Amino acid sequence: MRQKQMKITLLAGIIYAAAAMYVMLMAAMSRIVVIEDGGQQEMLSGGGMEKTDEESAWRDLLLKAEPESKEDIVIPLEQDIKAENVTIENHYMDKEIWIEIEGMEKYFYTKNEIGGNLSMVEGALYERDGGTFRMKFKLDGIYEFKSVLEERHLCVEMAKPTEMYEHIVVIDPWYGADPAGGKAQGTKAEQITLDIAKRMEDKMRSEDAVKLYYTSMGEGMPSLEARMEILKETAADFYIGIAVNRTDDVSVYGLEAVYNGTYFIPKAGSIELADMLARNGAEAVSGRANGLTQAEEEDMIVQKICIPSAVLKVGYLSNEKESSLLETDVYRDGLAEGICSAVKEFYEKRESVK
């Protein structure tokens with residue numbers, strides 16, 4: 001009898017363990033954190049979900065604001081949608097979040113509303129390509145996001161950049177760009193600075209506490225107002241511009257830095273930032289640093305900024321040897337490494353001053 005009871009107890013334990021395991025597996029399947037860090041890189045490299053006017057047929061999404069909701073955006077999903085079916089991109093330069101979902105029924109979002117409190121959403125559009133839905137959410141500012149798949153819903157939580165990151169830097173690869181484009185052996189000057197900036201993004205990816213925002217990584221040169229808006233929205237700690245140099249004297253070469261001389265912060269201000277940029281940049285490429293220059297009146301973006309700000313001019317396109325170096329991946333990679341080193345050194349300097 002006792003042996004029989006032990007068998008029953010053992011069997012019950014096995015059934016209970018199996019049931020517990022099933023519950024845990026189902027819970028794990030219903031709550032999957034969406035991997036988010038790919039979207040920013042796609043945007044920087046010119047990829048993403050954007051289509052031409054001829055290919056797109058954007059329509060208004062059905063929205064239903066739920067002011068009491070703890071979630072900012074809640075997107076209903078079909079049963080079989082997994083994390084790998086979802087892509088989210090932060091197009092912060094346009095104040096938009098783009099979401100792509102694969103494997104959805106054709107008319108799903110004509111019958112199902114987007115919920116959440118939607119407090120920062122100014123509008124939303126979608127387009128359909130077979131079973132793939134692409135959505136654009138127009139926001140009232142620049143936000144970062146966290147997302148989770150839970151109970152057939154994609155829940156997106158928004159936060160201001162300062163709530164997500166301890167340190168924020170705005171990088172301006174268009175500083176001083178000529179709309180016509182200066183050329184270095186067939187390569188436009190802005191393509192050089194854009195490539196250096198992109199390499200910085202790759203190198204700083206492991207620095208969780210530091211977030212780089214860019215004034216633009218696309219085809220068009222941003223306006224002064226657009227740059228100032230990004231600085232304001234991100235509440236950046238400091239600004240770094242990247243530019244190339246030219247002069248009539250073709251013998252001149254080397255790196256130079258320009259700084260804001262009107263906004264003074266003792267020991268950890270614009271002049272210290274400029275010095276670190278010139279020194280680290282030159283060391284990284286075994287180059288020559290020509291020194292620092294205070295920004296002139298025409299340097300409007302640097303003059304207007306009320307945070308530490310400096311510009312690294314990475315070389316002279318008018319010098320044949322330096323122009324050729326700026327064409328190479330190795331040299332650009334070294335310059336990106338030097339700027340990243342300056343960013344880290346400047347934060348260390350700020351902390352020591354505090």
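Residue numbers run from 1 in the order of the sequence given. Computed from a predicted structure; not experimentally measured.
For an aromatic pair to be called close, the ring centres must be under 6.0 Å apart, and Phe238 with Tyr347 satisfies this.
Using cut-offs of 30° and 60° for the angle between ring planes, the Phe133 and Tyr109 rings count as perpendicular.
In this structure Met300 satisfies the side-chain contact (heavy atoms from CB on, under 4.5 Å) test together with Leu224, Lys304, sequence neighbours excluded. Take Asp140 and apply the side-chain hydrogen bond (donor to acceptor under 3.5 Å, both in side chains) test, not counting sequence neighbours, and it matches Tyr143.
Here the side chains of Thr193 and Val244 are in contact, with some heavy-atom distance below 4.5 Å.
In this structure, a donor-acceptor pair under 3.5 Å is present between the side chains of Trp98 and Glu96. Using a 3.5 Å distance cut-off with no hydrogens or angles, the side chains of Thr215 and Asp172 do pair a donor with an acceptor. Between the side chains of Asp249 and Thr247, no donor-acceptor pair is found at a separation under 3.5 Å.
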Which side-chain N or O atoms in residues 158-169 pair as donor and acceptor under 3.5 Å with protein atoms at least two apart or in another chain?
from	atom 1	to	atom 2	distance (Å)
Lys160	NZ	Ile142	O	3.0
Lys160	NZ	Glu233	OE1	2.9
Glu163	OE1	Lys160	N	3.0

List, one per line, each side-chain donor-acceptor pair under 3.5 Å for residues 113-122, sequence neighbours excluded.
from	atom 1	to	atom 2	distance (Å)
Asn117	OD1	Ser119	N	3.0
Asn117	OD1	Ser119	OG	3.0
Asn117	ND2	Ser69	O	3.3
Asn117	ND2	Glu71	O	3.1
Asn117	ND2	Asp72	OD1	3.2

Just distance, no hydrogens or angles: give the donor-acceptor pairs under 3.5 Å from side chains in residues 289-297, sequence neighbours left out.
from	atom 1	to	atom 2	distance (Å)
Asn290	OD1	Arg288	NE	3.0
Asn290	ND2	Tyr253	O	3.0
Asn290	ND2	Glu256	OE2	3.0

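Connectivity analysis of hydrophobic side chains (ILVMFWY, heavy atoms under 4.5 Å, direct or indirect) links Tyr107 to nothing; its cluster partners are none.
Because its NZ or CZ atom is not both nearer than 6.0 Å to the ring centre of Phe346 and within 45° of the ring axis, Lys344 does not count as a cation-pi partner of that residue.
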